[in-house]
Amino acid sequence: MEKSQSHQQGRGNEARDVGKQQTPAPYIIKAVASGLQLEDRAGVGGSSSSSNTAKDTKPRRQSLSQRLGLQSLKIIGKDTGGDKGKTTSPVEYATTSSSPQSTVSLGEAEEKEEVRANKEEKDDVQRQASSLPKEHRVAEGGGGGAAAAAAAGDNDSGDDSQRQQKRPGSAKQRAVKVECVEMVGEDMYIGTSDGRIVHYTVATAELETDGAPERFEVSSVDLNLGGKKVEQMIAFPALSKLVVLCGSTVVFYRLPDLRPVPANVIPAIKGVSCIAYDERINNSNSNNNNNSNSNSNTRGAILCVARMRGVYIYRLTGELRLEQEIPMEHSVASICQYGGYVCLADTEMYRILDLAKIRASPGSDSGHLVLMPTQQPTTDPHTGRIIRPPRPRTLVVGPNEFMFLTSSGDRDTLGVIVTAMGEALRGTLQFSSYPKSITYDEPYVIAVFGGGQIEVFDTRMPDQTLVQTLFDEEDVAAARPRRICTVSGFYLSTNVSRPEVLEDARDEREEAGEAAPISAADVFGSQKHWRREILGDNNPQAAENRAGRALSRFASSRIVVVAQDTAVYALAHPPQLVRADALLLDEGRVEEAVDMVERAMAADPDPDPNLSDEAAYCFQVAGAVCFRNLLLDDALRYFKRGSLDPRALIHLFPDLVSYLGTLLVPLSRIPLAGGLRRALGDIGDAPQLAHTGAAIIAGSDNEDAAIDRLRETLAADVLELAQRYLEHCRAQMLGSSEHQMPFAPDSLPVIDTALVRLYAENEQDAKLRALVEATDSAVVSDLACKFLMDTGHYYHC
């Protein structure tokens with residue numbers, strides 16, 4: 001299959017396929033959120049909360065004047081004589097405001113300390129103000145905490161102002177960044193660099209639209225763990241639990257409202273270096289949002305926690321139960337688990353732990369498989385400085401298969417894949433540098449590098465082929481990707497098969513002096529003078545109900561990329577529907593597209609007797625492409641399989657449109673998918689297509705008489721296609737119940753009245769008589785009789 005990159009780029013994708021395989025790019029990339037406002041503030045989204053899981057949080061540093069209640073103030077806009085803009089203590093201000101002659105005397109020591117504290121505060125304010133945009137800076141000569149707050153737009157008081165001060169050990173307040181992400185359906189949880197979790201609800205992202213979808217901030221939770229960054233979050237939707245690693249402490253929250261789990265139910269775990277979960281169990285149960293009726297709540301999830309000198313295996317249900325403890329000689333830096341095996345990297349070695357063997361022989365070396373040393377610190381021979389190696393990485397890449405990274409000196413980094421027995425049965429990945437962040441999404445390994453490049457490798461290939469690079473040089477400079485996260489799961493959607501109606505905007509064109517008539521091709525196409533209204537539901541619940549459909553306009557994603565400081569992107573495999581649409585519309589490869597659709601339908605584990613909207617759309621477009629190429633028998637067959645709206649087909653015949661008049665709904669108001677409207681627009685006028693097509697088919701060597709005969713034949717053939725399809729639609733409507741009509745109810749009068757004309761023109765008197773005299777006939781007599789009288793068919797009037 002050839003690449004469909006141009007089609008993907010036309011739908012706003014920024015993915016660039018650089019592999020040599022003649023296959024579509026495995027991923028498309030879509031913005032989920034950008035420009036996130038992550039500053040801590042109360043009352044956002046209707047709620048703000050704080051957990052009490054950590055009681056040993058250090059208070060923020062305060063100056064002596066703050067501790068004594070003598071916070072200095074800057075009087076702005078008040079004339080105090082010759083000291084306009086003077087920095088005054090609250091006591092002095094209260095006294096001078098009532099009596100300009102009175103003063104307050106402080107002891108000499110207190111006065112010196114106050115001067116020093118004020119100078120420190122002024123220096124801090126100036127440093128913070130220099131980082132603000134120019135329009136937000138305080139005018140030169142201003143100082144004091146109140147002036148800085150006013151300049152920054154911070155008018156909160158009490159606890160809110162406390163939250164805006166410096167974190168412990170920080171020279172100045174830093175911008176808050178996204179550190180990690182977890183997504184469960186429409187709920188997005190952002191772990192921040194200042195130790196908070198911000199909860200958003202996000203609308204379903206549409207691949208065809210630019211920018212990020214709408215979002216709403218629900219709540220912001222302060223973990224109260226000293227302002228340390230949130231390192232990792234793992235969601236278990238079936239258990240309604242969110243596990244958070246922050247400041248070497250694991251804490252637990254309820255989903256979706258982020259209420260802390262009481263410490264007497266599940267206590268926090270301290271002294272933690274890294275966490276993981278059993279991907280064998282959780283991929284099939286605890287992270288399956290659709291499996292509400294399963295026994296996952298009983299079985300729970302397996303949580304693997306690495307602490308200072310040991311690895312601990314917990315079972316998480318309604319409570320947390322320790323199942324196994326494995327002592328370790330060295331601190332663990334990276335860990336992952338699949339079933340009964342744990343792959344980890346400590347400060348000395350990469351290892352694989354066989355939990356069953358260790359449980360059977362506690363205290364022995366049985367079950368500890370040493371793979372190879374981890375990279376150790378080195379000393380720069382020129383400067384004598386100690387160079388710390390990058391953090392080791394381990395990850396699950398399949399059932400009982402793991403990958404770890406190894407690098408030495410300035411050589412390329414290798415990704416070594418081994419089984420649980422330590423055997424390297426698959427090829428080794430070769431990276432240009434040490435990945436900054438890495439994850440696995442079967443069958444692909446996705447790595448983010450220090451320069452911001454994201455590379456995708458196919459582990460099914462013998463040489464572990466690089467198949468895609470996301471973000472080109474310009475995009476990297478703008479987006480600055482820095483981390484990749486695996487999340488519980490969410491949906492992206494495509495509007496490829498969604499029906500739409502158009503609203504005529506010719507009045508605006510006339511006002512602009514563009515009163516040119518709109519052609520039939522313009523009506524079928526998506527021109528600027530038509531306002532589009534997309535119909536149908538785009539809620540993720542629609543995807544949940546159709547999750548079994550192999551051919552769906554919804555794409556499930558479990559990979560997100562953290563870019564810049566406040567942006568999140570999603571990686572998803574293009575839906576089969578998008579690939580089929582590319583084959584049909586961009587390349588005209590009908591047979592391949594239809595084969596793809598049929599294979600997807602056959603692979604559906606829960607087939608629906610009614611054809612899905614996505615499959616129907618593909619067959620309709622296939623019919624239109626065949627019609628354009630004058631493959632009329634194929635076109636008729638695909639129109640029948642896809643149940644094309646008969647009124648849309650009639651609009652391809654101008655004589656029928658004129659004859660039916662207002663009985664026929666305007667084409668712009670017939671619900672049609674945009675791609676189908678485009679394909680029908682390529683046909684435009686069916687009789688004219690037959691006229692021009694005859695000359696192309698006959699070639700320049702044939703005589704004019706031969707071309708004319710071919711034109712007559714093709715003109716008759718396209719009319720016969722219309723007649724046969726309308727007869728098919730009539731039979732479908734009369735054979736269906738009122739609640740299962742395949743077409744709009746007003747289609748039957750249009751079909752019957754159009755067939756009257758077609759029968760009369762083709763001298764098919766028997767069919768004409770049967771239609772007119774039928775008890776279920778819906779012929780509009782006024783239109784039919786006028787045409788029959790004009791054409792001499794008096795007997796049938």
Side-chain angles (χ1 to χ4, degrees), residues 51 53 179-191 197-202 218-219 221 223 230-246 249-269 272 274-306 311-324 335-340 342 355 395-396 439-442 485-491 540 544 547 556-560:
S51 71
T53 58
E179 290 295 340
C180 58
V181 181
E182 180 60 275
M183 296 191 71
V184 183
E186 294 179 307
D187 295 297
M188 178 172 68
Y189 304 94
I190 301 292
I197 302 175
V198 185
H199 176 199
Y200 295 90
T201 57
V202 183
V218 179
S219 62
V221 174
L223 301 180
V230 180
E231 298 178 38
Q232 188 177 356
M233 295 186 294
I234 305 175
F236 300 105
L239 303 174
S240 299
K241 295 290 191 301
L242 180 68
V243 182
V244 183
L245 173 60
C246 176
T249 303
V250 174
V251 291
F252 300 84
Y253 285 83
R254 302 185 191 275
L255 294 178
D257 53 2
L258 288 183
R259 288 182 296 130
V261 178
N264 60 345
V265 177
I266 302 181
I269 307 174
V272 177
C274 51
I275 61 175
Y277 63 92
D278 183 355
E279 298 189 24
R280 182 187 64 176
I281 295 179
N282 298 298
N283 283 346
S284 60
N285 286 319
S286 294
N287 277 358
N288 188 348
N289 210 18
N290 301 323
N291 199 12
S292 58
N293 296 325
S294 71
N295 62 351
S296 59
N297 286 328
T298 303
R299 295 180 59 190
I302 300 299
L303 195 64
C304 184
V305 177
V311 173
Y312 299 80
I313 307 298
Y314 294 91
R315 183 174 294 275
L316 176 64
T317 54
E319 58 184 7
L320 190 67
R321 184 173 72 253
L322 178 63
E323 293 200 337
Q324 190 170 0
I335 196 168
C336 61
Q337 180 181 3
Y338 189 92
V342 172
L355 301 182
L395 62 154
V396 174
T439 192
Y440 178 75
D441 184 37
E442 186 180 4
C485 303
T486 301
V487 300
S488 177
F490 62 100
Y491 286 102
E544 298 286 350
S556 177
S557 176
R558 297 187 66 238
I559 307 297
V560 297

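For clarity, every value in this text was computed on a predicted model and none was experimentally measured.
Residues satisfying the side chain to side chain contact (heavy atoms under 4.5 Å, CB included) criterion with Glu323, sequence neighbours excluded, are Ile302, Arg315, Arg321. Thr486 is linked by a side chain to side chain contact (heavy atoms under 4.5 Å, CB included) to Thr439, Arg558, Ile559, counting only residues two or more places apart in sequence or in another chain. Shown here are the salt bridge (charged side-chain N to carboxylate O under 4.0 Å, His left out) partners of Arg254, two or more places apart in sequence or in another chain: there are none.
Formation of a donor-acceptor pair under 3.5 Å by the Glu279 side chain with backbone atoms of Val396 is not found in this model. Looking at Tyr189, its side chain never comes within 3.5 Å of a backbone N or O of Val184 through a donor-acceptor pair. Counting only distance, with no hydrogens or angles, the side chain of Gln232 and the backbone of Cys180 share no donor-acceptor pair below 3.5 Å.
Side-chain atoms of Leu242 and Met233, non-hydrogen and from C-beta on, do get closer than 4.5 Å to each other. At a threshold of 4.5 Å between non-hydrogen side-chain atoms, the residues Leu223 and Thr249 do not count as touching. Side-chain atoms of Glu182 and Val487, non-hydrogen and from C-beta on, do get closer than 4.5 Å to each other. Residues Ile313 and Asp278 have side chains not in contact (no heavy-atom distance under 4.5 Å, counting atoms from C-beta outward). Counting heavy atoms from C-beta on, the side chains of Phe252 and Ile269 come closer than 4.5 Å. With a 4.5 Å cut-off on side-chain heavy atoms, Phe490 and Val560 count as touching. Using a 4.5 Å cut-off on side-chain heavy atoms (C-beta onward), Asp187 and Leu255 make no contact. Looking at Ile190 and Val181, their side chains come closer than 4.5 Å, going by heavy atoms from C-beta outward.
Between atom CG of residue Leu355 and atom CD of residue Gln324 there is a gap of 5.0 Å, rounded to the nearest 0.5 Å. A distance of 11.5 Å separates CZ of Arg259 from OG of Ser219, quoted to the nearest 0.5 Å. Rounded to the nearest 0.5 Å, atoms CG (Leu322) and OH (Tyr314) are 5.0 Å apart. Within the model, atoms CE of Met183 and OG of Ser488 stand 10.0 Å from one another, a figure rounded to the nearest 0.5 Å. A distance of 7.5 Å separates CG in Leu239 from OG1 in Thr317, rounded to the nearest 0.5 Å. Rounded to the nearest 0.5 Å, atoms CD1 (Ile234) and SG (Cys304) are 9.5 Å apart.
Contact detail for Val218 and Thr201: the closest heavy-atom pair is CG2-CG2, 3.6 Å. Minimum heavy-atom separation, Ala268 to Val251: CB-CG1, 4.0 Å.
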